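We name chains A, B, ... by the order of the sequence lines, and we start the count at 1 in each one. Every value quoted in this text rests on a predicted model; they were computed, and no experiment measured them.
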Amino acid sequence: MTCEELIAHLSSYIDHEMDAALVAEVQEHIAHCRNCRVVLDTTQRLIVLVHDEGRRIIPASQRSALFERLQQAFLNRPQTQSQSDQHSSEDSAV
Amino acid sequence: MPGPTIDLTIYENEETLLAGLRRRDPDACACLIKRFAPLVYAQALRLLGDADEAEGVLQQTFIKACEKLDTYEGRSGLGSWLYRIATNEALMHLRQHSPRIDLDDVAETIQADEMPQRLKPWTLDPAAAALNSELRAMLEQALAALPETLRVVFVLRDIQGLSTEETAAALGLGESAVKVRLHRARLRLRELLAAYMQEH
Ligand SMILES: [Zn+2]
């Protein structure tokens, strides 16, 4: 396995989507190739690093003008209560 | 007019908040925004990579949520419900506003210039270090620098934690396209963050 091949398959390896035979080749390659070992390690660190970002919030104090505008837009929105049943289909996609 | 000084503690409980929202109590609306807008905005900004567009999606999300309050069944919690609406709104916004797609950004293989260049180990151990604000800003900046086709897949898969299948369904892509784009996004982000990570 060359470095190029290893890099091309790196995410399959990280995500455990790789055949056992290829996994063995990857492991043999990184045992001897420092560069690929670094790329593998740092990519895994990146994934760990961002993993909890999904629950990140931006402190309201940092964006207070933004939230103020939102509140105004929200309070001044058109009153569409009678139409509320027509909008029920799209919260299923994600 | 509800100002920033209203007593939000009366809505600490989600059921009380929901009842207030259904009564169209302005304080309940203020409370909903205070509690969930930061979460919704962060997700919109990550997906869209643009502060103005994210603000539009933020407003759209809360207005839509209020329209749909009658259909909210309370199973997932208000936070996840809003988060899902925001994600759908942002994806819809992307579909409507991005006719330009660079062919390089949807290539099914990694490009020669995407091969890793920065080959020093990172000193920072993310498992041990909480994300500080400087690092978060770096990450936000790096994400915004990714082409949209790659960024959206990365946000849904590696940040939000959706499966390949769920991501493919949300974006109307095949699973192999999701995998390739995720891989290319990781390589590019790794490169973008490497200079900082090697030194901190
Ligand atoms: Zn190698």
Worksheet entry | Salt-bridge contact A:Asp41-A:Arg37 (side-chain N to carboxylate O under 4.0 Å) | no

Item to complete: Ignoring hydrogens and angles, tell me if any N or O in the side chain of B:Glu114 forms a donor-acceptor pair with the backbone of B:Arg184 under 3.5 Å.
Response: no

Worksheet item: Between B:Asn13 and B:Glu15, is there a donor-acceptor pair closer than 3.5 Å when you use the side chain of the first and the backbone of the second?
Response: yes

Item to complete: Could you have a look at A:Leu66, A:Ile14, A:Asn35, A:Thr43 and say which one has the most heavy-atom pairs with chain B under 4.5 angstrom?
Response: A:Leu66

Practice prompt. Look at the aromatic rings of B:Trp81 and B:Tyr72 and report parallel, tilted or perpendicular, splitting at 30° and 60°.
Written response: tilted

Fill in: Most chain A-contacting option - heavy-atom pairs closer than 4.5 Å, from B:Arg186, B:Gln59, B:Arg118, B:Lys120
B:Arg186

Quick check on [X] against chain A: is it the side chain, the backbone, both or neither that has a heavy atom closer than 4.5 Å?
X        : value
B:Leu187 : side chain
B:Leu193 : side chain
B:Phe154 : side chain
B:Thr164 : side chain

Discussion item. Apply side-chain hydrogen bond (donor to acceptor under 3.5 Å, both in side chains) to residues B:Arg46 and B:Gln43 and explain how you reach the verdict.
Written reply: CA-CA 5 Å; B:Arg46 279 191 297 262; B:Gln43 174 72 348; 3.0 Å; yes

Discussion item. So for A:Glu17, is it side chain, backbone, both, or neither that comes closer than 4.5 Å to the heavy atoms of chain B?
Written reply: side chain

Discussion item. Would you say that B:Glu14 contacts B:Leu18 through its side chain, given a criterion of any heavy-atom pair below 4.5 Å between the two side chains?
Written reply: no

